[in-house]
Amino acid sequence: MMDLVPYILEHVIIVVIATVISIVIGVILGIAAYWIRPVAAPVLLFSEAVQTIPSLALLAILMVLFGLGNTTIIVGLVLYALLPIVRNTHTGLITVPAAIKDAARGMGMSKMQQLFWVELPLTLPLIFSGIKISVVNSLSIAVIGVLVGAGGLGFPIYRGIQTQNAGLIMSGAIPIMIMAVLFDFLMTAVEKRLIKSVK
């Protein structure tokens, strides 16, 4: 019986690294789209366009640039994770009530202070919702990383397909399903707390 623990750990590490990078890039792009109005359409269009590229085609392109290994799948996951984070950050910031923004300016806050002390805290539940979507999606998408030499639970699944071993396929698929449900449950609980905190 294949020891799945190393594959599970590597799968989680790949998703966590990709998620952290996508949060940093996604929030920055969302803020840029909010602050610089002409940038909004191109940024959102790029994020949406990436979603339309078939995953195998995207990985093939990235493999040419980054070679075989975990780096390629991490970059791919980051690109796929951007849309919900960028869109939710931008949407959250533009929907902060004007009265709250006026009050912040009336207190003498600079544009940067207003962003970090008022607007982003109010937008946090929506941003976190985008992060949750990205994490759950990344857990399943990361499986195809095996095709570009990456680790994770894609290996037992791919090995099971090669050997026509349904048990091996399920041994890789079931942990992903469990992790996806668990992450969704825990992050939904955090999201509800964030929503309550801003009310």
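All values below were derived from every heavy atom in this structure, side-chain atoms included, with hydrogens, water molecules and symmetry-related copies excluded. Owing to the predicted nature of the structure, the values given are computational and were not obtained by experimental measurement. Position 1 is the first residue of the sequence, and the numbers go up from there.
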Working to the nearest 0.5 angstrom, can you tell me the gap between [X] [atom1] and [Y] [atom2]?
X: Ile127; Y: Asn88; atom1: CD1; atom2: CG; result: 8.0 Å
X: Leu153; Y: Ile174; atom1: CG; atom2: CD1; result: 11.0 Å
X: Ser140; Y: Met177; atom1: OG; atom2: CE; result: 11.5 Å
X: Ile141; Y: Ile176; atom1: CD1; atom2: CD1; result: 11.5 Å

So does [Y] get a backbone contact from the side chain of [X], meaning a donor-acceptor N/O pair under 3.5 Å?
X: Ser171; Y: Leu168; answer: yes
X: Ser134; Y: Gly130; answer: yes
X: Ser47; Y: Val43; answer: yes
X: Tyr34; Y: Thr89; answer: no
X: Asn70; Y: Gly151; answer: yes
X: Ser22; Y: Leu82; answer: no

Is there a chain of hydrophobic side chains (I, L, V, M, F, W, Y, each step under 4.5 Å between heavy atoms) that links [X] to [Y]?
X: Ile8; Y: Val181; result: no
X: Ile178; Y: Phe183; result: no
X: Ile14; Y: Leu59; result: yes

Just wondering, are more than 12 heavy atoms of other shown residues or ligands nearer than 6.0 Å to [atom1] in [X]?
X: Trp35; atom1: CH2; result: yes
X: Gln162; atom1: CD; result: yes
X: Arg105; atom1: CZ; result: yes

Could you tell me whether the side chain of [Y] reaches within less than 4.5 Å of the side chain of [X], counting heavy atoms only?
X: His11; Y: Val143; answer: yes
X: Leu124; Y: Val198; answer: no
X: Ile85; Y: Leu29; answer: no
X: Ile169; Y: Asn165; answer: no

Could you report the tightest heavy-atom contact between [X] and [Y], atom names first, then the distance?
X: Met109; Y: Gln113; value: CA-OE1, 3.4 Å
X: Thr19; Y: Ile131; value: CG2-CG2, 4.2 Å
X: Glu191; Y: Pro125; value: CG-O, 4.1 Å

(request) Under the side chain to side chain contact (heavy atoms under 4.5 Å, CB included) rule, what do Asn137 and Leu77 come out as? Steps first, then yes or no, please. (result) CA-CA 9 Å; Asn137 288 342; Leu77 291 177; over 6 Å; no
(message) Before you tell me yes or no, could you show the steps for Val146 and Ile157 under side chain to side chain contact (heavy atoms under 4.5 Å, CB included), namely the whole-Å CA-CA distance, both residues' side-chain angles and the distance that decides it to 0.1 Å?
(response) CA-CA 9 Å; Val146 68; Ile157 293 174; over 6 Å; no
